[in-house]
Amino acid sequence: MIDDSAKAAARLLSWYDRNRRDLPWRAKPGEAVDPYRVWLSEIMLQQTTVPAAAPYFRNFTERWPTVRALAEAPLDDLLVAWAGLGYYARARNLHKCAQAVVSLHDGRFPGDEAALLELPGIGAYTAAAITAIAFARKATVVDGNVERVIARVFAVADPLPNVKPTLRKLAATLTPDERPGDYAQAMMDLGATVCTPRKPKCMLCPWTEFCEARAAGIAETLPRKVAKTEKPTRRGTAYWLLNPDGAVLLRRRVESGLLGGMTEIPSTAWQAEAPDGAALAVHQPLALSWRALPGLVRHTFSHFHLELAIVTAQAGDGWREAEGLWVPIDRLSDQALPSVMVKVARHALAHA
DNA sequence: AAACCGTGGTC
DNA sequence: TGACCAAGGTT
């Protein structure tokens, strides 16, 4: 077991110095840390892999180099730029947070956890990460990586999420006073590259000698998690409607909830039962004779599977009566289309 | 407090 | 091939 937390921290920091990864948001040695870039990267990395976030981070920082620039941009520009990254409430809160930093803090991020926690989209993890990485102040960062490392080092067998407070307390006992930012990133790097969910590389681990789970031969089985509820399937039909100019009808979804504020191809409600003829008539954007396209578009969201049928029609006179916006096919990339809608558009273009 | 909220890669 | 997984937060 770990009987000397200072020694454990030193061992981890030494490992970190020898295995430092070059990531787009990581300041080079000697380079000043920009809290704006730390914050932006932490939001993008929530439940998101490094390869997925990296191109979005480059695009955002090039286009909006400061929090003030981001605050002054129209929300819809952020949603277009965020499209495809998922969890779109993050983009809405990103905008709110940038505006709060400008209006409440004169354009500078606050440097303590309590003040950061007040900002939209910043929770316990992100507040600690910004405090440690951007402001070099002591804070215990607990993300999925840290939970896994701590559960293994201390052989905590109680399942998540209930055991989370216990893991947090244990993690705090190891946090050193020195180099808080490097230590936070070292813990996450250790979890991401060595103490991995499957087949942990214990031979390369700086903590292998005092890891209780490794000693007990149960490292790969930790942390335990309560079984998740099964995902239901919902079904719907999307309307691929073209006007005489060859533009397609799109709509803006409501601000809250699933894909809030994003652009969609008009469709019926998504329910357990596929829509019947009456439902198709109720939801159609124009009263027309629709032709069914072959196949289905399948997509899985965080908590349900979706099966979408697609019907198509050509609007004649009166196309202006439809509710929504008409977008030329070659301008679809300017829209805030989430991945599921990109799938629908591709399917329609391939089969229409 | 449990549900909601995306996506793409991996095995 | 379908379940699991990733630098979580909000309601």
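Proteins get letters first, then strands, A, B, ... in listed order; numbering begins at 1 in each. Just so you know, these numbers use all the heavy atoms, side chains as well, and skip hydrogens, waters and symmetry mates.
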Inset, instruction - List the steps and the verdict of salt bridge (Lys or Arg N to Asp or Glu O under 4.0 Å) for A:Arg21 and A:Asp189. - result: CA-CA 8 Å; A:Arg21 290 194 290 170; A:Asp189 274 14; 3.0 Å; yes
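Using bins of under 30°, 30° to 60° and over 60° for the plane-to-plane angle, the ring pair A:Trp319/A:Trp326 lands in the perpendicular bin.
Taking the nucleotide of DNA chain C with the nearest heavy atom to each of A:Pro120 and A:Trp25, the more 5' of the two is matched to A:Trp25. The nearest heavy atom of DNA chain B to A:Arg198 and to A:Pro338 marks one nucleotide each, and the one closer to the 5' end goes with A:Pro338. Comparing A:His299 and A:Thr229 against DNA chain B, the residue whose closest nucleotide sits nearer the 5' end is A:Thr229. Along DNA chain C, the nucleotide nearest to A:Ile122 and the one nearest to A:Thr49 differ in position, and the one closer to the 5' end is contacted by A:Thr49.
One interatomic measurement links the two molecules: CZ of A:Phe301 to P of C:dA3, which rounds to 17 Å at whole-angstrom precision. What separates NZ of A:Lys96 from C1' of C:dG9 is a distance of 12 Å, to the nearest Å. The distance from atom CE of A:Met187 to atom C1' of C:dA6 is 17 Å, rounded to the nearest whole Å. One interatomic measurement links the two molecules: CG of A:Leu116 to P of C:dG8, which rounds to 17 Å at whole-angstrom precision. Rounded to whole Å, the distance from CD on A:Glu147 to P on C:dG8 is 9 Å. In this structure, the CG atom of A:Leu160 is 14 Å from the P atom of C:dC4, given to the nearest Å. In this structure, A:Leu167 atom CG and C:dG8 atom P are separated by 15 Å, rounded to whole Å.
Salt-bridge check for A:Lys164 with A:Asp158: failed, with every basic side-chain N at 4.0 Å or more from each acidic carboxylate O.
Here the side chain of A:Thr61 pairs a donor or acceptor atom with the backbone of A:Arg58 at under 3.5 angstrom. Side-chain atoms of A:Arg346 do not come within 3.5 Å of backbone N or O of A:Met341 as any donor-acceptor pair.
Sorted by first then second residue, the ring-ring contact (aromatic ring centres under 6.0 Å, His included) pairs that include residues 111-136 of chain A, not counting sequence neighbours, number zero.
Residues A:His303 and A:Phe301 keep their aromatic ring centres 6.0 Å or farther apart.
Test A:Phe60, A:Tyr56, A:Tyr87 against A:Trp82 for ring-ring contact (aromatic ring centres under 6.0 Å, His included) and you get one pass: A:Phe60.
The side chain to side chain contact (heavy atoms under 4.5 Å, CB included) test applied to A:Pro176 returns A:Ala9, A:Tyr183, not counting sequence neighbours.
Both A:Leu23 and A:Phe57 are members of a single hydrophobic cluster when ILVMFWY side chains are connected at heavy-atom separations under 4.5 Å.
Nearest nucleotide to the A:His305 side chain, out of C:dC5, C:dA6, C:dA3: C:dA3.
To the nearest 0.5 Å, atoms CG (A:Leu40) and CG (A:Leu70) are separated by 7.0 Å.
The stretch residues 73-91 of chain A has no heavy atom under 4.0 angstrom from DNA chain C at all. DNA chain C is contacted by A:Glu42, A:Leu45 of residues 34-45 of chain A, taking any non-hydrogen atom closer than 4.0 Å.
For C:dA6, the OP1/OP2 oxygens have no side-chain nitrogen or oxygen of A:Gln47 closer than 4.0 Å. Side-chain N/O atoms of A:Thr126 include one lying less than 4.0 angstrom from OP1 or OP2 on C:dG9.
The footprint of chain A on DNA chain B, defined by a heavy-atom cutoff below 4.0 Å, extends from B:dC4 to B:dG8.
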Do any side-chain atoms of residues 304-316 of chain A form donor-acceptor pairs under 3.5 angstrom with protein atoms, and if so which ones, sequence neighbours left out?
{"unit_1": "A:His305", "atom_1": "ND1", "unit_2": "A:Thr300", "atom_2": "OG1", "d": "2.9"}
{"unit_1": "A:Glu307", "atom_1": "OE1", "unit_2": "A:Arg235", "atom_2": "NE", "d": "3.4"}
{"unit_1": "A:Glu307", "atom_1": "OE2", "unit_2": "A:Arg298", "atom_2": "NH1", "d": "2.8"}
{"unit_1": "A:Thr312", "atom_1": "OG1", "unit_2": "A:Trp240", "atom_2": "O", "d": "2.8"}
{"unit_1": "A:Gln314", "atom_1": "NE2", "unit_2": "A:Leu242", "atom_2": "O", "d": "3.3"}
{"unit_1": "A:Gln314", "atom_1": "NE2", "unit_2": "A:Asn243", "atom_2": "O", "d": "3.0"}

